[in-house]
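Some notes on the structure that comes next.
Below, all heavy atoms of this structure are taken into account, side chains as well, without hydrogens, waters or symmetry copies.
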Amino acid sequence: MEKLSIPKGTRDFGQIESFRRKFIIDKIQKEFIKYGFSPIETPTMENLSVLMGKYGEEGDQLLFKVLNSGDFLKNTTQKDYESGHKGFFNKISEKGLRYDLTVPFARYVVMNQHNITFPFKRYQIQPVWRADRPQRGRYREFYQCDADIIGTRSSWNEVELTLLIHDVFKSLELEDFIVKINHREVLFAMAAAADLKGKEIPFCVALDKLDKIGTEAVLSEVEGLNGNPSIVLKYLKLINEPIDEKSKIERLAKITGAQNKGYEELLSFFKGLNEFPARNFKVELDFSLARGLSYYTGMIYEVKPTKVKMGSICGGGRYDDLTGMFGLNGVSGIGISFGLDRIYDVLLESQLFPETAKGGPQVLVIHLDEMSFKHGIQLVDALRDAGISADLYPDNVKIQKQMTYANKLGIPFVLTIGSDEIAQENYPLKNMVSGETTRASLQNIIKLLNP
RNA sequence: GUGGUUGUAGUUCAGUUGGUUAGAACGCCUGAUUGUGGUUCAGGAGGUCGCCGGUUCAAGUCCGGUCUUCCACCCCA
């Protein structure tokens, strides 16, 4: 028999893992709701015409395509086959697994525009798929937790999402993170001033690698693009200067020499944060941040853990015309996406999962014989009725075995039933951590377990 | 997609220049303990050495392919 396995880059989640993932989702969802977002869901599959071309050429390759049902070769010819995989898949596949939640959301907004009241705040927590090569913190199936505000240009949105990011990580008790901020227009101004107009994307890619490959390597990449390295060197020096955001923005504006709404928006963003002096913001202006997704047009965000080696755990930004690709122009929006799987990895490594986030019953009822089991049925029902998560050991086996079971599952309390207990209606409740046993009536036990 | 890396018991790993019945620790099962788990002690079960093929008298060990893991690049949650 073939050895059982699951596809590359996918994972099974055991009981504790699942419970902890649910724990994270609950926290994020609670914050989303607190900020006034409403949930939507979109299908796992989209038509390829919706997905293709939205993530760049690279992205098209990473899409999982779904083979057409039935005789998928029906409408193909030898010529199609000879044209190679890039053309051929068009003939045999018309659906694909979603690559992110933002593009399906744009499609949803355009399709349902007449039923949507703008500004529309939606959240969406669903898995996405990418045919990437798996690595640490990189999976082929992973969950995104998105919150988007669409149909408004208000600069309050940028501040609001920053508050949301901080609240989410606060509720997860994750403190070691940094929110990096930049602006797409500023990046374009930087490229233009360095003689790289029209080559903004490769410029951004080079700049984004600064902390990885260093100043020299970035400059030589700029030279390779026929850019002006002496201007870029000024950028790189400025990026690492320990000065406040306002003067940093002003100095960059001086270097690039162009009037640009990006500078104004960044200035007003930081001014907006100052409206909340009691908040402990972990925000950093970083002109080298250049998120790849091409639909961003305004401010961009990226959240990175500072103590755990891991890529970004949250990212997003403003897009002026996301729905434009589906024919609805002039609808500005802004969104962020939390990466559940990476947040999980960071919390695990930082040992931040609370003891309580593991599930299982709070009390196990164990029994010595048939009579006790029958009594236990009623007892466990009464406990559950009182809102206590309780379980009854289902088989009539030795008491050691039942105790071991409770111990292995980490069940905090065990209640034992024998003939004496049935007669007296008084039960020993054992605390499995301290080992102490308290005898009490059912009513008092309910009070003890459910304060 | 390119280059590298990993795979031996449920888990983490040993396994000599190819050479008899492939080991350890932890875990698991049974008992010491027929109304009390976690500690201790005694015993026990468990492996087509990822898969396919090749070289050889002989392959866990060498060679090729394949799958998987992790890493770098690319890109990204």
Side-chain angles (χ1 to χ4, degrees), chain A residues 1-11 14 24 28 55-63 85-86 98-102 125-146 201-202 204-206 208-209 212-213 217 289-294 300-305 309-316 335-346 364 366-369 372 393 396-422 427-437 439:
Chain A
M1 200 172 93
E2 196 182 324
K3 200 167 193 177
L4 289 175
S5 63
I6 53 176
K8 184 202 281 231
T10 64
R11 296 152 304 153
I24 298 172
I28 292 176
Y55 311 103
E57 210 175 305
E58 193 80 34
D60 286 353
Q61 264 188 338
L62 297 180
L63 284 171
H85 73 278
K86 278 184 185 167
R98 72 167 100 78
Y99 179 91
D100 71 359
L101 300 178
T102 308
I125 300 175
Q126 289 189 279
V128 304
W129 292 266
R130 296 181 188 177
D132 222 344
R133 228 181 244 200
Q135 237 177 87
R136 174 188 170 87
R138 174 175 304 192
Y139 308 99
R140 288 187 146 185
E141 177 182 54
F142 60 97
Y143 269 71
Q144 290 193 327
C145 313
D146 274 35
I201 300 290
C204 288
V205 169
D208 195 44
K209 288 192 281 191
K212 215 172 201 174
I213 63 176
L289 170 67
R291 293 189 51 73
L293 291 176
S294 48
I300 46 182
Y301 298 82
E302 186 160 289
V303 182
K304 294 190 82 173
K309 196 188 160 224
M310 177 68 66
S312 63
I313 51 178
C314 174
I336 46 166
S337 177
F338 293 84
L340 169 67
D341 305 76
R342 285 185 177 175
I343 291 172
Y344 178 96
D345 290 345
V346 169
L364 180 73
I366 69 178
H367 42 84
L368 297 168
D369 48 40
S372 310
Y393 196 90
N396 211 336
V397 296
K398 283 205 288 187
I399 198 161
Q400 285 100 324
K401 185 146 179 132
Q402 301 185 57
M403 290 294 286
T404 305
Y405 178 80
N407 198 46
K408 277 189 190 153
L409 264 60
I411 299 170
F413 292 97
V414 165
L415 191 157
T416 311
I417 304 174
S419 51
D420 294 354
E421 285 75 18
I422 298 172
Y427 310 95
L429 184 72
K430 179 161 183 166
N431 180 322
M432 294 297 278
V433 179
S434 68
E436 281 170 32
T437 302
R439 287 191 156 266

Distance, [atom1] atom - from [M] to [N], rounded to whole angstrom:
| N | M | atom1 | result |
| --- | --- | --- | --- |
| B:G23 | B:G46 | C1' | 14 Å |
| B:C13 | B:U17 | C1' | 23 Å |
| B:C49 | B:C28 | P | 27 Å |
| B:C70 | B:C63 | C1' | 24 Å |
| B:G18 | B:U55 | C1' | 12 Å |
| B:U8 | B:G1 | C1' | 32 Å |
| B:U30 | B:U69 | C1' | 37 Å |
| B:A42 | B:U6 | C1' | 39 Å |

What is the separation between atom [atom1] on [X] and atom [atom2] on [N], rounded to the nearest whole Å?
| X | N | atom1 | atom2 | value |
| --- | --- | --- | --- | --- |
| A:Asp132 | B:U68 | CG | P | 14 Å |
| A:Tyr139 | B:U69 | OH | P | 11 Å |
| A:Phe338 | B:A77 | CZ | P | 13 Å |
| A:Gln61 | B:C73 | CD | C1' | 14 Å |
| A:Asp208 | B:C73 | CG | P | 12 Å |
| A:Ile6 | B:C67 | CD1 | P | 17 Å |
| A:Tyr55 | B:C74 | OH | C1' | 19 Å |
| A:Arg11 | B:C70 | CZ | P | 9 Å |

Just checking, A:Arg342 and A:Phe142: is the charged tip under 6.0 Å from the six-membered ring centre and within 45° of the axis? no
Do A:Arg130 and A:Tyr99 form a cation-pi contact, if we require the NZ or CZ to be under 6.0 Å from the six-membered ring centre and within 45 degrees of the ring's axis? yes
Could you check whether A:Arg140 pairs with A:Asp132 (Lys NZ or Arg NE/NH1/NH2 to Asp/Glu carboxylate O, under 4.0 Å)? no
Can you tell me the pairing partner of [N] across any strand shown, Watson-Crick or G-U wobble, with both distances under 3.5 angstrom?
| N | answer |
| --- | --- |
| B:A24 | B:U12 |
| B:C51 | B:G65 |
| B:U34 | none |
| B:G43 | B:C29 |

When you match A:Lys212 and A:Ala131 each to their closest nucleotide on RNA chain B, which lands nearer the 5' end? A:Ala131
Any base atoms under 4.0 Å from [X], or only sugar-phosphate, or nothing? Heavy atoms, all strands.
| X | result |
| --- | --- |
| A:Gly9 | sugar-phosphate |
| A:Cys314 | sugar-phosphate |
| A:Gly137 | base |

State whether the distance check finds a donor on one side and an acceptor on the other, under 3.5 Å, for side chain A:Arg133 versus base B:C73. no
Quick one: which of B:C70, B:C75, B:A72 gets closest to the side chain of A:Lys309? B:A72
Counting side-chain heavy atoms from C-beta on, which of B:C74, B:U69, B:C75 comes nearest to A:Leu62? B:C75
Would you mind reporting whether [Y] and [X] have side-chain heavy atoms less than 4.5 Å apart?
| X | Y | value |
| --- | --- | --- |
| A:Ile343 | A:Phe338 | yes |
| A:Arg11 | A:Glu141 | no |
| A:Lys430 | A:Thr416 | no |
| A:Leu101 | A:Gln126 | yes |

Stacking between A:Phe142 and the base of B:A77 (centre distance under 5.5 Å, interplanar angle under 30°)? yes
For a quick check under 3.5 Å, do A:Asn407 and A:Thr404 share a side-chain donor-acceptor pair by atom type? no
Per-nt protein contacts along nucleotides 26-38 of chain B (heavy atom under 4.0 Å; B base, S backbone sugar-phosphate only, - none) come out as --SSSS-S-BBBB
Which of parallel (below 30°), tilted (30 to 60°) and perpendicular (above 60°) describes A:Tyr393 and A:Tyr405? perpendicular
Any A:Lys304 side-chain nitrogen or oxygen under 4.0 Å from OP1 or OP2 of B:A77: no
